[in-house]
Amino acid sequence: MNDIKIKDKSYTVEQIIILLATCNKVISKNAYLAKKWGNCVEFWGSHGASYAAKRDEFIGYRKKIRDYLSKEIPMKKIIQMEKVCTETATQKAVKEFVNML
């Protein structure tokens with residue numbers, strides 16, 4: 001497939017799929033931690049709430065990236081490509097990409 005150009009920067013579909021795989025990893029990890037620490041309350045607040053907030057933030061990022069990519073590729077294929085992707089990017093890279101959309 002062709003490169004996708006966003007604000008003078010080109011991304012391949014594979015690079016975008018790696019960003020989606022990163023979102024899935026962060027969502028999964030923070031969902032687990034939110035459940036594990038959900039009932040633990042310290043002086044400064046609940047640990048579970050901060051993990052749930054980060055999970056929700058990356059769910060939003062994943063939705064934005066999928067919606068953008070679905071203009072070019074069917075959603076079913078996007079999800080299949082995410083599942084087989086073993087590479088991950090940084091959370092910073094995901095945030096930068098979403099901010100450019």
Peer 1: Got a second to check how far L69's CG is from M81's CE, nearest 0.5 Å?
Peer 2: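 Atom-to-atom, L69:CG and M81:CE are 7.0 Å apart.
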
Peer 1: About how many Å separate CG of N30 and CG of D56, when rounded to the nearest 0.5 Å?
Peer 2: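 If we round to the nearest 0.5 Å, D56:CG and N30:CG are 9.5 Å apart.
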
Peer 1: For T22 and A89, which heavy atoms make the closest approach, and how far apart are they?
Peer 2: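 Smallest heavy-atom distance, with atoms named: OG1-N, 2.6 Å.
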
Peer 1: Among residues at least two apart in sequence or on other chains, which ones pass side chain to side chain contact (heavy atoms under 4.5 Å, CB included) with E96?
Peer 2: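 Side chain to side chain contact (heavy atoms under 4.5 Å, CB included) list for E96, sorted by chain: K92.
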
Peer 1: Using side chain to side chain contact (heavy atoms under 4.5 Å, CB included) as the criterion, point out the one residue from V98, L20, V26 that pairs with Y61.
Peer 2: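 Going through the options one by one, the only one that passes is V98.
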
Peer 1: Using salt bridge (Lys or Arg N to Asp or Glu O under 4.0 Å) as the criterion, list what pairs up with K95, not counting sequence neighbours.
Peer 2: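 Result, salt bridge (Lys or Arg N to Asp or Glu O under 4.0 Å) vs K95: E57.
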
Peer 1: List in chain and number order the residues that pass salt bridge (Lys or Arg N to Asp or Glu O under 4.0 Å) with K63, two or more places apart in sequence or in another chain; answer none if no residue qualifies.
Peer 2: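 K63 satisfies salt bridge (Lys or Arg N to Asp or Glu O under 4.0 Å) with D67 once adjacent residues are dropped.
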
Peer 1: Does some side-chain heavy atom of F97 sit less than 4.5 Å from a side-chain heavy atom of I16?
Peer 2: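 Sidechains of F97 and I16: in contact.
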
Peer 1: Within the structure provided, determine whether Q80 and K76 are in side-chain contact (heavy-atom separation under 4.5 Å).
Peer 2: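 SC-SC contact between Q80 and K76 confirmed.
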
Peer 1: Could you pull out the closest heavy-atom pair between A34 and A52, with the gap in Å?
Peer 2: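 Taking every non-hydrogen atom into account, CB-N, 3.8 Å.
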
Peer 1: For a 4.5 angstrom cut-off between non-hydrogen side-chain atoms, does Y11 reach M100?
Peer 2: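 When only atoms from C-beta onward are counted, M100 and Y11 do touch, with a gap below 4.5 Å.
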
Peer 1: Kindly state each residue pair satisfying side chain to side chain donor-acceptor pair (under 3.5 Å) with at least one member in residues 81-91, sequence neighbours excluded.
Peer 2: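 Applying side chain to side chain donor-acceptor pair (under 3.5 Å) to every pair that reaches into residues 81-91, excluding sequence neighbours, yields N24-E82, K54-Q91, R66-E82.
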
Peer 1: Using the test side chain to side chain contact (heavy atoms under 4.5 Å, CB included), find all partners of S70 that sit at least two apart in sequence or belong to another chain.
Peer 2: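 Residues passing side chain to side chain contact (heavy atoms under 4.5 Å, CB included) with S70: M75, I78.
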
Peer 1: Taking only residues two or more places apart in sequence or in another chain, which ones pass salt bridge (Lys or Arg N to Asp or Glu O under 4.0 Å) with R55?
Peer 2: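 Expected list: none.
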
Peer 1: Do I18 and V13 share a hydrophobic cluster (ILVMFWY, side-chain heavy atoms under 4.5 Å, transitive)?
Peer 2: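 No, because I18 and V13 fall into different hydrophobic clusters, even though each may have its own neighbours under 4.5 Å.
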
Peer 1: Can you find a pair of side-chain heavy atoms, one from F58 and one from V94, that are under 4.5 Å apart?
Peer 2: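 Yes, close enough: below the 4.5 Å cut-off.
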
